[in-house]
Amino acid sequence: MTVAERTAGAVAEIARLGVGTVSVDPALILKVSSDWSRMSPVLQEKVPAGRYLADAVVRPTRPEHVPELLRVAFEHDVPVTPRGAGTGNYGQATPFDGGILLDLRGLDSITVNPGGTITAGAGARLTAIDKAGRAAGRDIWMYPSTKTSTVGGFIGGGSAGTGTIEHRTTADGFVVSALVAPMDGSGTMRRITGDELDAYIHTYGVTGILVDVEIRTDPARDWVAVYGSFGSYADLVAVHRSLLDLPQLPRLASADEPALVPTLTAPLPLDPTRYSLRVIAEASTAGEVERRMATGGEHVATLTDYAETDRLSGMSYNHPVWFFQRGNPGRTYFHMESGGTPIWDDPDAVRAVYEGPVHLHLELFGHGPGAMIVAEYRGEEALLAGIPKLDAIGVGVHSPHQWYVDRNVELAIEVARLTDPKGLLNPGKLTATPPVDTRVNIGVR
C-alpha cells in the first residue's frame, strides 16, 4: 500500500473514534504543508510550497486525542508531521513523506498556575499566553518575534526571541515541564521535566509530540519602546553594547543599518539615512537609555503603550530581512544568523565575507551581539563558502537554510529510537549526516 492509501485508512479510523477533526481539502493541505521557509532562497529551491504535501490534516481538540491518533497512525505506518501556526522559517513543518499533517492549534488552553508558571496547550498562541500572564501580573520569560506563533512551535522549533537578553534561550530553564506523546504505538503521554526536556526542545517534534508545556514567568514589569538613531555604526554600537550594564536588562535591543531602515514597519517616521536602534526597556531605565542615545546620536521617541513593545518586537531578528526582501522584489537576498564580538568591533571584516553590498541587522544577547548578515544571493555554494570565513574571524553561525535538527542531535537520535521506533515523526528532519552540514553553534544549545 502507498502512504496515501495507508493514511486514508488511518484517518477513517481517527474520524470514527472522534479523536481529531479530519480534512482532505486540497487547498488546506497546500496551505499547511509549508511554512515561512520562503525567506531562504536555498529552501525556495529545495522545499518550495507544493512540492511536498500531506495526504490529510488532522486537528486534535483535546489533549487525550493526541496519543490516541498517534497510536492509530503507528498501527497504519503513517508519517505524522506536527505544525503550529506555520511561522517557522526552516521547513520544519514540511511533510516530506506525506501522511498526516498534525495541526495542533486546537490545543489552546491556558492556565496561570499558583506558583507563577503558565501551562498552555501546544497550539496556544504567545499573544494569548502573554495576555493571560499580564492579566495575572506575570511576564513570560520570552516570546518569538512572530508573537502569533504557537508555544509548541516556539519550543519545538524556535530558540530565542524577545526576552533572550536576560533569559538566554528556550533551552535554558524557560520550560518547566512538557506533556509529550510518543509515536511508539502505546497510545500514552507523560510529563517530562528536568534534563530530560533537552530531547524535546528545538527538535521539531521528532522525539514526540508536545501536547502542552509549562513555562516560566517573572513578575510583570512596565515595558516601553524607545527609539534612537545614529549617524555612524560606531556611535550605534557604543550604545548597543552599553545596554548590558543597565540595572534591569532590556527585553530587546534591535538595530539596523540605513539600507534596511526604509522597509521597517515602525509607527513613526525613521530617517532612512541614519542607523536605527530600538529598545524594549523597563520603564525605570528608559530615561538612562534616552540619555545614552542622545549622547552619541538622537533619542527619537519613547512609546509607553505596551502594544508598542509588541510592534517593536515585530521588527526584530529576521523580520527586517523579510521586510527588506519584500521591499526589493527585483533582487534576491539571503541572510545568515551570526554572533560574536567582531560584529561590534570589526564590521568591515564581517561584511567582506560576502560580495557586497552587505547589510547588518543587530540583536543583543546577554553574552554579546548577534546579527543577521544580509547579502544578495549568488547561489548556495557562495552562501555556504561564507561560513568557514566567518568562523575564521570569530563569528559563529546558525544557518537558516536547512530543515534538519541541529541541536542535541545525538541525544535526539538516542531518544527517538524509543519514542519513534519506526521513524514516523516528522521524517527527514533527524539525521546524523545531513546533505549539507551547516550545523554551527552560535552560543545557544
[Y] backbone acceptor or donor facing [X] side chain under 3.5 Å:
X      : Y      : value
Thr207 : Ala412 : no
Arg292 : Ser242 : yes
Asn426 : Gln92  : yes
His240 : Ala253 : yes
Arg51  : Glu45  : yes
Asp97  : Pro427 : no
Thr419 : Pro182 : no
Asp130 : Leu126 : no
Glu298 : Ser229 : no
Lys429 : Thr94  : yes

ring-ring contact (aromatic ring centres under 6.0 Å, His included) against [X], all qualifying residues, sequence neighbours excluded:
X      : answer
Trp403 : Phe96
Tyr200 : none
Tyr204 : His202
Tyr306 : none

Does the side chain of [Y] come within less than 4.5 Å of [X]'s, by heavy atoms?
X      : Y      : answer
Tyr354 : Arg378 : no
Arg105 : Arg125 : yes
Asp55  : Val24  : no
Leu210 : Val180 : yes
Glu376 : Glu355 : no
Val353 : Val395 : no
Val66  : Leu107 : yes
Ile165 : Leu244 : yes

Subject >> Residues Thr193, Val176; criterion side chain to side chain contact (heavy atoms under 4.5 Å, CB included); working and verdict >> reply: CA-CA 6 Å; Thr193 61; Val176 179; over 6 Å; no

What residues form a side chain to side chain donor-acceptor pair (under 3.5 Å) with [X], not counting sequence neighbours?
X      : value
Ser284 : Glu282
Ser232 : Asp235
Trp322 : none
Thr117 : Asn113, Glu214

Subject >> Pair listing, salt bridge (Lys or Arg N to Asp or Glu O under 4.0 Å) test, anchored in residues 312-326, at least two apart >> reply: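 Residue pairs with at least one partner in residues 312-326: there are none.
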
Original post:
Do other residues, nucleotides or ligands put more than 12 heavy atoms under 6.0 Å from the CG atom of Asp25?
Top reply: yes

Original post:
Around Gln248, counting heavy atoms of other residues, nucleotides and ligands shown, do more than 12 lie under 6.0 Å from its CD?
Top reply: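 Yes, enclosed.
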
Original post:
Is there any ring pair (Phe, Tyr, Trp, His ring centres under 6.0 Å) pair reaching into residues 248-270, and which pairs are they, with sequence neighbours excluded?
Top reply: none

Original post:
Tell me the ring pair (Phe, Tyr, Trp, His ring centres under 6.0 Å) pairs involving residues 150-174, sequence neighbours left out?
Top reply: Trp141-His167

Original post:
Are Arg351 and Tyr233 in a cation-pi setup, meaning NZ or CZ lies under 6.0 angstrom from the ring centre and within 45 degrees of the ring axis?
Top reply: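 Yes; both conditions hold, so Arg351 lies above the ring face of Tyr233.
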
Subject >> Salt bridge Asp256-Arg278, side-chain N to carboxylate O under 4.0 Å >> reply: yes

**OP:** Before accepting this row, confirm whether a basic side-chain N of the pair Asp310/Lys131 lies closer than 4.0 Å to the acidic partner's carboxylate O.
**Re:** no

Taking all non-hydrogen atoms of both residues into account, name the closest pair between [X] and [Y] and its distance.
X      : Y      : result
Thr433 : Thr431 : N-OG1, 3.0 Å
Leu430 : Ala416 : CD2-CB, 3.9 Å
Pro219 : Asp139 : O-OD2, 3.9 Å

Under 3.5 Å, which donor-acceptor pairs do the side chains of residues 82-91 form with other protein atoms, sequence neighbours left out?
| from | atom 1 | to | atom 2 | distance (Å) |
| --- | --- | --- | --- | --- |
| Arg83 | NE | Val32 | O | 3.0 |
| Thr87 | OG1 | Ser149 | OG | 2.6 |
| Asn89 | OD1 | Asn318 | ND2 | 2.8 |
| Tyr90 | OH | Glu337 | OE2 | 2.7 |

Original post:
Just by distance, with hydrogens left out, do His319 and Ser313 show a side-chain donor and acceptor under 3.5 Å apart?
Top reply: no

Original post:
What's the spacing between Ile413 CD1 and Asn408 CG if we round to 0.5 Å?
Top reply: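 Those atoms lie 11.0 Å apart.
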
Original post:
Can you name the one residue among Thr302, Thr285, Thr295 that meets side chain to side chain donor-acceptor pair (under 3.5 Å) with Glu290?
Top reply: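 One option only clears the test, and that one is Thr302.
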
Original post:
Centroid-to-centroid, His359 to Tyr333, below 6.0 Å?
Top reply: no

